[in-house]
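Sequence lines set the chain letters: A, B, ... in the order given, protein chains first and strands last, and positions in each chain run from 1. As a basis for the values below, the full set of heavy atoms in this structure was taken, side chains included, without hydrogen atoms, waters or symmetry mates.
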Amino acid sequence: MFRRLKEMLIKEFIQIFRDPRTRFIIFLPPIIQLLVFGYAVTTDVKDAATAIYDQDNSVASRELVSRFIRSRYFKVKQYIQQEEQIRWLIDHSRIKAVLQINKGFENDLRSGRTAQVQMIVDATDSNTAGILLDYGQKIMQEYSQEILLDRVARSVGTVQAIAGLDLQSRAWFNENLESRNYYVPGVIAILLMLVTLMLTSMAIVREKEMGTMEQIMVTPISSMEFILGKTLPFALIGFFDMVLVVLIAWGWFEVPIRGHLGWLFFGTGLYLMTTLGMGLLISTISRTQQQALMTTFFYFQPMVLLSGFMFPIENMPEAVQWLTYLDPLRYFLVIIRGIFLKGIGPEILWPQMLALLGMGMAVFWLAASRFKQYL
Amino acid sequence: MRSNNPGDLAAVVRNLHKQFDGFTAVDQVSFEVKKGEIFGFLGPNGAGKSTTIRMLCGILPPTSGEGRVAGLDIYTQREQIKWQIGYMSQKFSLYEDLTVEENINFYSGIYQINEDTLKRRKEWVIAMAGLQRHRDSLTRVLSGGWKQRLALGCALLHEPSILFLDEPTSGVDPISRRQFWDLIYELTGRGVTVFVTTHYMDEAEYCDRLGLIYDGRLIALGTPEELKVKHMKDAVLDISCERPMEAMGMIHQLDSVKEVTLFGNDLHAVVKDAAKAKSAITLLLRKKGMSLFRLEKIDPALEDVFVSLIEAQGKSTYTAGKNS
Amino acid sequence: MNLRRLAAVARKECLHILRDSRSLYISIALPMILLLLYGYALTLDVDRVAMVIWDQSETAESRELISRFTGSHYFTAQSFVASYKEIEHVIDARQALAALIIPNEFARKLGAGEPTPIQLIVDGTDANTATLALGYAQVVTLIYSQEIILQKVRQLRGQLLTVPVEVRARAWFNPDLESKNYIIPGLIAVIMMVISALLTSLTIAREWETGTMEQLISTPVKGPELITGKLIPYIFLGLLDVLLAVLMGEYLFHVPLRGNVGLLFAMATVFLAGAMSLGMMISIITKSQMLASQAAIVVTFLPSFLLSGFIFSISNMPVFIQWITHLIPATYFITLLKGIYLKGIGLEVLALEAVLLTLFGVVVVLLANFKFKRKLV
């Protein structure tokens, strides 16, 4: 049995490595993709183009503006003099936010009244807009509180202390809140899935189309041998790619790896089992490579979207959250992020690992039984 | 045979040469194809047959050499050539997920056959191929023979004067093969020139003239008769004996025997001197205690000619079965 | 170019599409599913972040503070804990993303007018949610803090002071900050890209693999006729998907289409011509369906998904990546889509993008034809 398997593996590897184009596909795209997407996938808001419409032009207003200038979220690009400019600048996407300070700002502050400030954001990208609104407000409320304490001190005197709340916040695992640390492991998981899914499903259907499948079917090979022979090369490629991208993530992007790499590879093995199994399954239900590709994508897209890669699962409606339990990527993301950022291991990740194992076995069994129908 | 009137020639090539990265597929090949004849290009797989046909059809540009098809130059007038020829590739090249009628309609559109002619041609093709009851069947479900005839029909829609067929009968059952060749005869009867490549030796006999190609080189050219007479310096013995496989190995060892091949259940031995070889073989078999049923000199079949020619090229055993 | 031959090719391609019902079904169903997902299930909006609370103070004051947090849609109280260890466990196991710790001197310090610290811990793994949650928490705290100060002053001195600064925030084009409003227009571009990559990248490679391409070459049909003839049915399919997306966006998700619908479809056609020619070019170059599909995904789909500004805002990306995004046609199309949908602007603002998109389309179609000719040799 192993002899036949070995022969099959050798044949597969020769086919893959002899063709310079497939060699290229295995090595180059994952690297490029990780590099490009690793840099691109960020929701960190930084240096958002901001315009200041300061109608007061006083010491106080300039102080407020300087707070904005100092903030890393905002980058003051322009000082405008007319209201019409706001519309034009935002329409042409030159600026994302406008801070409007009305005439009389300093006066109001000095005389103990409430001064109004307006902040306008371009909410076409509502996520960035939300962050800008939050942090813009924070700057202004901080300023407000300072002024307030000053007012208090002047009216009450410094005898009695009056103070407010002091929020001390800490972000665990990712102190600088770099979204890249969150997304890069996710990109790795997605790339891995894409490569293994597509390669497996199409490679097998290709043999069907070319007729070489029949050739194999008349040999005394068992369906298990055939399946293993077909999937093991891709599993190995998957592992290889995994090592490659982990190196890049750690060495280049400096995403911390706090957990045990051994468990990462174990988790990868489980994950690959599910993706390869799915690829196999898809190949059994597709007649042509076109169909295999379309079907792969049909399942791949929702799986990525519902996995928690980008869109938090907690934000999804109940019913959809239940659906995500069927998504292997969901579990693997927890594992890979956990090992990278949180430094946890199987003691906490065992439910995810178990889920992957279960899914992997189920899918393989399903695919194998369908193959039996052929062989 | 050279003709002084170029109008009689359907195709002519001089020193046609095709080089791929360090590998010569077609090596300085020259021949002529007369109008209305069936010209066969014979040779084993990989000899250069398909490459030659592709160059003549304008699919592949030659590396060097000259060629004219239907009087048109294969370098500068490729597009016009395409109107004059019909091509049927080895894989039959039909669209499996289209019906018979849809395939015909497609090629009609490509050849811009106008409305009235279209109907007539379509019916002709369907009748010729015997597909009346399969008009709306998906090509996928047709058996080899039907597909073959449909592919032929599609190549003939625009009534070309020259037909190029690349291994048209590979993988098709013997009866369909026979029917196919009947069709070919009918076509040439109407003046269509047919250029066909094949590796079936028995089909070679159906051709008016043959070119034998091996390793990219044309090693013989002429009618089947000419080939048998001119190129066959040696004699051929037909041997029918017990345990032919075993006998073959032994007979091969004899000095007087040049080459032995299996021919169905019999053996064909290519020998220099028929009488000498006959006695040598008889003696050998008697010594080994193997029964000899028949031993006689026969006219060489094309297969034998080919074997002998190959052997003369200095290559080792070439085994040809009658139904390869 | 001969129209008769072109029509024959187009008709054949239509038949291919119709006969492969699975692929046809998927090219309609997939966009619909994506739209449904993005419309109903997928959002970056921070909502109901699970928070655990360690109230060491357990006074009316601390409960008031807690209600400020949990009273908003940002946070939801998951449970109450009583130790640091519990917090660690809960966050490690992703049962909660935030923890609010109120020290036991909370009420006392508040009464004494001393600066009163409270602690908020967030799981920083999901940086985006964490950033939003933190930002919001800080604003809430500052506002409540100022209220406390004012109250104190009133208490002590009977004086009524007012809050110095009041902020009025306006979110233009998308007042409810609904991420679906900005995602769905962009989604149209992604869907287009996906369909193009999947459908057209295989069509010519398939003809090479089955051998029918060779047959075609022996006929008078020309490269441009083949390419254009094949493009036409797919463009129609693509436009059908656009129509579907626009209708669903309008009636199902109430994403407002403020601009010119005609312009939208015109740009969509241009984009499709380009994107599909790109897919076809990949098919022409690779001649193998497997390679074509891999290449198509890498070259067209993934960049459009991740680099085009669809989800991840381009302005947040490093500068050299921003340059790369300029090479991606989907980027321009998304700008056009978002502009037409949300800002209601037209060519007067978007002229540059429209021109670039058209340029892309033209260049790719020419390139595809050129490559095809080369491949025949």
Check: Taking the side chain from A:Asp166 and the backbone from C:Pro115, do they hold a donor-acceptor pair closer than 3.5 Å?
Finding: no
Of all heavy-atom pairs linking C:Pro117 and A:Gln168, the shortest is CB-NE2, 3.9 Å
| side chain to side chain contact (heavy atoms under 4.5 Å, CB included) evaluation trace for C:Asp92 with A:Phe173 | CA-CA 10 Å; C:Asp92 273 350; A:Phe173 310 127; 3.3 Å; yes
Any side-chain heavy-atom pair of A:Met310 and C:Phe305 under 4.5 Å:
yes
Okay, A:Val117 and chain C: the region with an atom under 4.5 Å from a heavy atom over there is both
Say whether, by atom type as modelled, one donor and one acceptor occur between the side chain of A:Asp134 and the main chain of C:Gly135 under 3.5 angstrom. no
For A:Lys342 and C:Ile91, indicate whether the former's side chain and the latter's backbone hold a donor-acceptor pair under 3.5 Å. yes
When the 4.5 angstrom heavy-atom criterion is applied to C:Ala137 and chain A, the contacting part is both
**Request:** Hey, can you tell me if A:Phe298 and C:Tyr25 have their rings parallel, tilted or perpendicular (30° and 60° cut-offs)?
**Result:** tilted
Heaviest contributor of heavy-atom pairs below 4.5 Å to chain C, chosen from A:Val45, A:Asn181, A:Val187, A:Leu305, is A:Leu305
| query | Is it the case that C:Asn316 and A:Thr42 place a side-chain donor and acceptor less than 3.5 Å from each other? | reply | no
Applying a strict 4.5 Å limit to non-hydrogen atoms, the region of C:Leu37 in contact with chain A is side chain
Exercise for the section: I would like to know whether A:Tyr135 and C:Leu134 meet side chain to side chain contact (heavy atoms under 4.5 Å, CB included); could you show each step before the answer? Expected result: CA-CA 9 Å; A:Tyr135 285 90; C:Leu134 264 180; 4.0 Å; yes
Applying a strict 4.5 Å limit to non-hydrogen atoms, the region of A:Tyr73 in contact with chain C is side chain
In terms of heavy-atom pairs under 4.5 Å with chain A, the winner among C:Val299, C:Ile183, C:Thr131 is C:Thr131
Turns out that what part of A:Leu191 lies under 4.5 Å from chain C's heavy atoms comes down to side chain
Under 4.5 Å to a heavy atom of chain C? For A:Leu341 that would be side chain
Is there a donor-acceptor contact under 3.5 Å linking the side chains of A:Ser169 and C:Gln119? no
Inset, instruction - Using the side-chain hydrogen bond (donor to acceptor under 3.5 Å, both in side chains) rule, take A:Gln289 and C:Ser293 through it: C-alpha gap first, then chi angles, then the decisive distance, then the call. - result: CA-CA 9 Å; A:Gln289 290 183 63; C:Ser293 57; over 6 Å; no
Nearest heavy-atom contact between C:Gln146 and A:Gln145 is OE1-N, 3.6 Å
Given the rule in the side chain to side chain contact (heavy atoms under 4.5 Å, CB included) test, do A:Lys96 and C:Ser313 qualify, once you have shown the distances and angles that lead to the verdict? CA-CA 11 Å; A:Lys96 279 199 135 66; C:Ser313 200; 3.8 Å; yes
Taking C-beta and beyond as the side chain, do C:Val122 and A:Trp172 meet within less than 4.5 Å on heavy atoms? no
| Where do C:Ile118 and A:Leu167 land on the side chain to side chain contact (heavy atoms under 4.5 Å, CB included) test, with the steps shown first? | CA-CA 5 Å; C:Ile118 54 175; A:Leu167 181 68; 3.7 Å; yes
| message | Do C:Ile311 and A:Phe311 have side chains that approach each other closer than 4.5 Å (heavy atoms only, starting at C-beta)? | response | yes
Closest non-hydrogen contact found for A:Asn174 with C:Gly124 is ND2-O, 2.9 Å
Note: vs chain A, highest number of non-hydrogen pairs under 4.5 angstrom among C:Tyr40, C:Tyr144, C:Phe301 is C:Phe301
So, the part of C:Ile195 with a heavy atom under 4.5 Å from chain A: the answer is neither
Are A:Gln290 and C:Arg206 close enough, and set up right, to give a side-chain hydrogen bond (donor to acceptor under 3.5 Å, both in side chains), and what steps lead you there?
CA-CA 9 Å; A:Gln290 171 93 40; C:Arg206 191 170 44 230; 2.8 Å; yes
If one checks every heavy atom of A:Ile120 against chain C at 4.5 Å, the contacting part turns out to be both
Applying a strict 4.5 Å limit to non-hydrogen atoms, the region of C:Val140 in contact with chain A is neither
Whatever's closer than 4.5 Å to a heavy atom in chain C on A:Thr128 counts as side chain
A:Met198 vs C:Gln294 side-chain heavy atoms within contact, under 4.5 Å: yes
Turns out that what part of A:Ala203 lies under 4.5 Å from chain C's heavy atoms comes down to both
Honestly, the part of A:Arg113 sitting under 4.5 Å from a heavy atom of chain C is backbone
So, the part of C:Gln151 with a heavy atom under 4.5 Å from chain A: the answer is neither
So, the part of A:Arg110 with a heavy atom under 4.5 Å from chain C: the answer is neither
Honestly, the part of C:Leu34 sitting under 4.5 Å from a heavy atom of chain A is side chain
Turns out that what part of C:Thr129 lies under 4.5 Å from chain A's heavy atoms comes down to side chain
Exercise. Start with the C-alpha distance between C:Thr43 and A:Asn315, add both sets of side-chain angles, then the distance that settles side-chain hydrogen bond (donor to acceptor under 3.5 Å, both in side chains), and finish with yes or no.
Key: CA-CA 7 Å; C:Thr43 169; A:Asn315 291 350; 5.1 Å; no
Under 4.5 Å to a heavy atom of chain A? For C:Thr335 that would be neither
So, the part of A:Leu149 with a heavy atom under 4.5 Å from chain C: the answer is side chain
If one checks every heavy atom of A:Thr295 against chain C at 4.5 Å, the contacting part turns out to be both
